[in-house]
2 protein chains.
Amino acid sequence: MKNSQVTIKDIAKELGISSSTVSRALKNHPNVSPETKKAVTDLAEKYNYQPNSIALSLRRSKSNTIGVIIPEIVHFFFSTVISGIEDIAYSAGYSVIVSQSNESYDREVIDTFALSKNRVDGILISMSRETTKYDHFETIHKRGLPIVFFDRVCDAINCSKVVVDDFDGAYQVTRHLIQQGFKRIAHLAGPENLILSKHRMDGYKKALKEHSLEFDESIIIRGRAADNETLAKQLTTQLLNSANPPDAMFAINDRAALGVMKAVKEKGLKIPQDFAIAGFSNWEFTAMTDPAITTVDQPGFKMGQEAAKLLIREIEAEKDEVIEPEIKILKTDLIIRGSSVAV
Amino acid sequence: MKNSQVTIKDIAKELGISSSTVSRALKNHPNVSPETKKAVTDLAEKYNYQPNSIALSLRRSKSNTIGVIIPEIVHFFFSTVISGIEDIAYSAGYSVIVSQSNESYDREVIDTFALSKNRVDGILISMSRETTKYDHFETIHKRGLPIVFFDRVCDAINCSKVVVDDFDGAYQVTRHLIQQGFKRIAHLAGPENLILSKHRMDGYKKALKEHSLEFDESIIIRGRAADNETLAKQLTTQLLNSANPPDAMFAINDRAALGVMKAVKEKGLKIPQDFAIAGFSNWEFTAMTDPAITTVDQPGFKMGQEAAKLLIREIEAEKDEVIEPEIKILKTDLIIRGSSVAV
DNA sequence: TTGAAAGCGCTAACAC
DNA sequence: GTGTTAGCGCTTTCAA
């Protein structure tokens with residue numbers, strides 16, 4: 001177990017020169033004689049010299065590492081985000097430390113401080129579902145550590161954020177349903193206190209209005225169905241059995257869409273011929289489930305990339321340079337899969 | 001942007017004592033007077049002192065960080081593995097740096113050296129599909145950096161590994177099919193040069209033999225169908241249309257299982273009543289697809305945990321202690337989902 | 001063109 | 001019980 005990496009000192013000693021000269025030679029400093037430079041680089045090559053990045057971090061007070069906190073890694077959307085982050089970070093010379101809060105507030109607080117203690121240069125975070133207090137963010141943000149939120153952002157902190165254009169996505173997908181010829185489009189909405197739900201509802205309404213379809217409260221499902229597949233299915237069945245049933249449904253997320261789908265199949269309707277389903281998706285369920293559902297794709301990879309870019313920009317800003325926080329709103333993608341598949 | 005974290009020195013200065021005393025007080029060294037200790041800890045608390053982990057790393061030549069290289073993050077199996085790694089690493093006080101090779105050999109080599117350069121204390125790796133040369137592992141392993149392989153392991157390196165018990169998994173799932181009353185069980189096998197394929201084939205054979213069913217080469221699908229859904233479907237259809245068709249199929253992986261499933265559905269057979277399907281799964285496809293398929297689950301979380309444990313054990317071994325490499329073979333889980341779902 | 005020295009933050013051996 | 005000193009590996013003035 002020889003753990004001996006060569007250091008600048010070793011090279012200096014072998015060459016009988018000082019370590020400062022070696023350091024200079026290695027980084028192409030102008031004032032080094034060509035001969036010394038050659039001798040040094042040759043030897044460095046021979047011994048496969050690797051600068052000790054920890055020493056560098058200490059010297060520069062910069063770790064070239066960014067920390068990421070997500071609710072859970074085992075989730076298509078979030079792992080996609082990480083992939084995007086890694087993509088940008090890697091090219092910019094940063095390592096990525098990943099930690100998951102497991103949707104726990106306590107764990108998120110611990111993770112936040114752990115990353116800070118580990119001297120990451122900045123933090124990317126998507127909040128846990130439990131989080132309603134923001135002191136931990138406040139603390140490290142005040143301390144000068146750059147933070148960028150993505151997807152589940154925190155309004156209380158004045159920093160850069162990356163989110164998805166819910167309004168536009170909802171508008172687009174509803175318009176798509178209308179263009180496909182569906183005339184009575186229901187909406188399984190999310191909790192009314194979430195701004196996200198409101199945005200999607202507004203997009204839905206805009207599309208209806210634009211095509212002179214009236215907004216009908218009786219085909220809106222509200223309440224907890226968005227988080228409850230069984231309830232979603234049940235309420236959809238009710239709608240389907242009503243006097244004036246819808247011929248399509250825009251579901252707020254994929255859990256809801258799954259419930260809707262089951263109800264529609266049980267009723268014996270063909271998707272998307274008899275009844276069309278569309279929904280926002282963070283690819284938790286529907287992606288793998290049914291090619292006949294049109295989804296508004298949350299662009300995870302892009303989101304990771306953009307968040308990482310914003311963070312690195314901030315990290316690398318000059319000391320006195322003032323960086324204005326930027327809210328990046330990403331357009332969604334409408335994913336229309338082949339509807340030729342038997343359902 | 002005040003980036004000023006308090007240091008031991010700051011505390012020492014304010015208290016008019018030396019930094020070594022502060023250091024000692026902070027870590028409860030016996031030879032510090034209670035008063036000094038109190039004064040120091042109070043002040044540390046007040047200023048929210050956080051030891052600089054980079055300085056510590058430099059001092060101890062230990063980063064308390066482990067590197068992970070996986071083919072791709074956006075994959076249910078691998079993200080599950082990371083989750084398991086993170087679980088163990090976190091409790092043991094290690095950070096996890098994740099990098100993905102994207103199934104590219106070149107990128108894997110780069111990642112390997114990048115992690116080594118970043119002074120991680122050890123590396124966990126699952127090889128890229130492309131990798132057939134192992135010099136990069138050899139190099140860093142010789143340098144004394146602990147490595148543990150998982151899932152896609154490298155036989156050429158003498159180090160600890162974590163794999164799945166393919167033989168037993170195949171045996172169990174085949175036996176399960178037999179116990180369900182199926183009598184003519186086909187097998188969609190993997191590439192014959194892979195040891196994994198051989199193990200699974202052997203497990204399959206053992207189960208047949210144990211129940212006095214004869215091994216029939218005519219219902220074995222070999223070749224490239226394991227990596228090709230379309231081909232899998234096609235060859236399955238052939239089998240189903242043959243004179244003496246099978247009544248069940250054990251597929252080597254989930255891509256294959258998916259092809260089989262499509263063929264069976266197209267044929268109009270009910271799963272699992274008319275035709276049963278079972279397969280090894282790393283949850284790439286089938287997991288979300290069909291509750292009627294019995295899967296042999298590759299325990300990703302456990303695998304991550306075990307790999308991390310082995311690695312940390314090695315990292316934390318005393319200098320002169322010799323750690324024998326250990327090959328950990330994890331049992332698979334047989335996942336039998338409710339077959340009550342309409343198919 | 002090069003070397004000596006200081007320092008990033010921390011710890012530990014050695015003095016007193 | 002506490003201070004001094006040296007050093008982890010590197011860079012960067014300052015002086016020669």
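The sequence lines fix the lettering, A, B, ..., with proteins before strands; numbering per chain opens at 1.
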Do the side-chain N or O atoms of A:Ser33 get closer than 4.0 angstrom to the phosphate oxygens (OP1, OP2) of C:dT2?
-> yes
Separation of atom NZ in A:Lys13 from atom P in C:dT2, rounded to whole Å | 20 Å
Can a side chain N or O of B:Thr7 be found less than 4.0 Å away from OP1 or OP2 on C:dG9?
-> no
Pick base, sugar-phosphate or nothing for A:Leu56, based on heavy-atom distances below 4.0 Å to the nucleic acid.
-> sugar-phosphate
Mind checking whether A:Phe77 and A:His75 have parallel, tilted or perpendicular rings, split at 30° and 60°?
-> perpendicular
Considering only NZ, NE, NH1 and NH2 on the basic side and carboxylate oxygens on the acidic side, decide whether B:Lys328 and B:Glu326 come within less than 4.0 Å.
-> yes
Between the base of C:dT1 and the side chain of A:Thr21, is there a donor-acceptor distance below 3.5 Å?
-> no
Within this structure, what is the CG-to-C1' distance between B:Leu26 and C:dA12, rounded to whole angstrom?
-> 15 Å
Rounded to the nearest Å, what distance is computed from the CZ atom of residue B:Arg119 to the C1' atom of nucleotide D:dG9?
-> 9 Å
Identify which nucleotide among C:dT11, D:dG9, D:dT4 has an atom closest to any side-chain atom of B:Arg59, counting heavy atoms from C-beta outward.
-> C:dT11
Report the distance from atom NZ of A:Lys9 to atom P of D:dT11, rounded to the nearest whole Å.
-> 15 Å
Using atom CG of B:Asn52 as one end and atom P of C:dG7 as the other, report the distance to the nearest whole Å.
-> 17 Å
Within the structure shown, what part of the strands sits under 4.0 Å from B:Ile8 by heavy-atom distance: base, sugar-phosphate, or nothing?
-> sugar-phosphate
With the side chain defined as heavy atoms from C-beta on, A:Ser20 is closest, among C:dG9, C:dA4, D:dG9, to C:dA4
Have a look at A:Thr36 and say if it touches a base, only the backbone sugar-phosphate, or nothing, with a 4.0 Å heavy-atom cut-off.
-> sugar-phosphate
Under 4.0 angstrom, heavy atoms only, what part of the nucleic acid is A:Ile54 near: base, sugar-phosphate, or nothing?
-> nothing
Any chance the side chains of A:Glu86 and B:Ser99 put a donor and an acceptor closer than 3.5 Å?
-> no
Do the side-chain N and O atoms of B:Ser95 and A:Asn118 include a donor-acceptor pair separated by under 3.5 angstrom?
-> yes
Below 4.5 Å, heavy atoms only, C-beta onward: do A:Asp151 and A:Met303 meet side chain to side chain?
-> yes
Between CG of A:Leu58 and P of D:dC8 the distance, given in whole Å, is 13 Å
Can you tell me how far P of C:dC10 sits from NZ of B:Lys62, to the nearest Å?
-> 18 Å
For C:dC10, does either OP1 or OP2 sit under 4.0 Å from a side-chain N or O belonging to B:Ser23?
-> no
For atom CG of A:Leu15 and atom P of C:dT1, their distance in whole Å | 17 Å
Is B:Arg24 side chain donor-acceptor paired with the D:dG3 base, going by distance under 3.5 Å alone?
-> yes
Are side-chain N/O atoms of A:Thr21 and A:Ser18 paired as donor and acceptor at under 3.5 Å?
-> yes
Which residue lies toward the 5' end of DNA chain D, B:Arg60 or B:Ile17, if each is placed at its nearest nucleotide?
-> B:Ile17
Tell me what A:Asn31 touches on the nucleic acid: a base, only sugar-phosphate, or nothing, going by heavy atoms under 4.0 Å.
-> base
